[in-house]
Amino acid sequence: MLRQCGLSGPGAAPLKFLGETLVSLPFKNLLTLDLSMNALFPEGANFLGDFLQCTPQLQTLFLEGNGLGPAGLAALVPSLSQLPLSTLDLSLNGLGTTGVEILLPAGLQLQSLNLRWNWFGSGHS
């Protein structure tokens, strides 16, 4: 679990370093990854997408509160669509309806999808 590890930074440098390091390690059997509350933003999504390609069995991914926005989600979708994910938490990422429109064509076979607090319309639910 890498929840609230402070992976954000100028130009996503901490995440870039972590991503480059993790890609070199054997994570082929990783089933769950929690990167919630790390302020990855769209810049960090590119590095995360590269890392996810090294986790072919990942089933559960928590990305709550990373400020991904639609651009960050768009960077992740190609990698997400290659994974056998059953659970995906994208809550509190400022995705809005644009983010959902990006996610739908990915064809994910999820059992659980958390999109809370992504500002869908006037209720911001």
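As the structure is a prediction and not an experimental result, all values here were calculated from the model. The basis for the numbers below is simple: all heavy atoms, side chains too, and nothing from hydrogens, waters or symmetry mates. Start at 1 with the first residue, then count along the sequence.
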Query raised in the report: Are Leu31 and Gln57 close enough, and set up right, to give a side-chain contact (heavy atoms from CB on, under 4.5 Å), and what steps lead you there?
Result: CA-CA 6 Å; Leu31 300 176; Gln57 296 186 44; 4.2 Å; yes
Query raised in the report: Under a single-linkage definition using a 4.5 Å side-chain heavy-atom cutoff for Ile, Leu, Val, Met, Phe, Trp and Tyr, are Leu73 and Leu110 assigned to the same hydrophobic cluster?
Result: yes
Report summary line: The reported gap from OG1 in Thr60 to CD in Gln111 (rounded to nearest 0.5 angstrom) is 9.0 Å
**Report entry** side-chain contact (heavy atoms from CB on, under 4.5 Å) evaluation trace for Asp34 with Thr32
**Finding:** CA-CA 7 Å; Asp34 186 347; Thr32 300; 5.6 Å; no
Query raised in the report: After noting the C-alpha distance and the side-chain angles of Leu108 and Leu103, does the key distance pass the side-chain contact (heavy atoms from CB on, under 4.5 Å) rule?
Result: CA-CA 8 Å; Leu108 302 176; Leu103 188 60; 3.7 Å; yes
Query - Heavy-atom side-chain proximity of Leu35 to Leu48 below 4.5 angstrom - result: yes
Report summary line: Closest non-hydrogen atoms of Ile102 and Pro70, given as atom of the first, atom of the second and distance, are CD1-O, 3.4 Å
Query raised in the report: Which residue pairs pass the side chain to side chain donor-acceptor pair (under 3.5 Å) test when at least one of the two sits in residues 91-110, sequence neighbours left out?
Result: Asp89-Ser91
With a 3.5 Å cut-off and sequence neighbours excluded, list the donor-acceptor pairs that the side chains of residues 77-86 form with protein atoms.
{"from": "Ser79", "atom 1": "OG", "to": "Gly49", "atom 2": "O", "distance (Å)": "2.8"}
{"from": "Ser81", "atom 1": "OG", "to": "Val77", "atom 2": "O", "distance (Å)": "3.2"}
{"from": "Ser81", "atom 1": "OG", "to": "Pro78", "atom 2": "O", "distance (Å)": "2.9"}
{"from": "Ser86", "atom 1": "OG", "to": "Gln59", "atom 2": "O", "distance (Å)": "3.3"}

Query raised in the report: What are the two closest non-hydrogen atoms of Leu63 and Asn66, and how far apart are they?
Result: O-ND2, 3.0 Å
Query raised in the report: If you group Ile, Leu, Val, Met, Phe, Trp and Tyr by side-chain heavy-atom gaps below 4.5 Å, do Phe51 and Leu90 land in one group?
Result: yes
Report summary line: Taking every heavy atom of Ala75 against every heavy atom of Asn46, the minimum-distance pair comes out as CB-OD1, 3.3 Å
Query raised in the report: Does the Asp50 side chain pair with the main chain of Leu52, one donor and one acceptor, at a distance under 3.5 Å?
Result: no
Query raised in the report: Given the rule in the side-chain contact (heavy atoms from CB on, under 4.5 Å) test, do Leu33 and Phe62 qualify, once you have shown the distances and angles that lead to the verdict?
Result: CA-CA 6 Å; Leu33 179 61; Phe62 298 105; over 6 Å; no
**Report entry** Closest non-hydrogen atom pair, Leu115 against Asn118
**Finding:** O-ND2, 2.9 Å
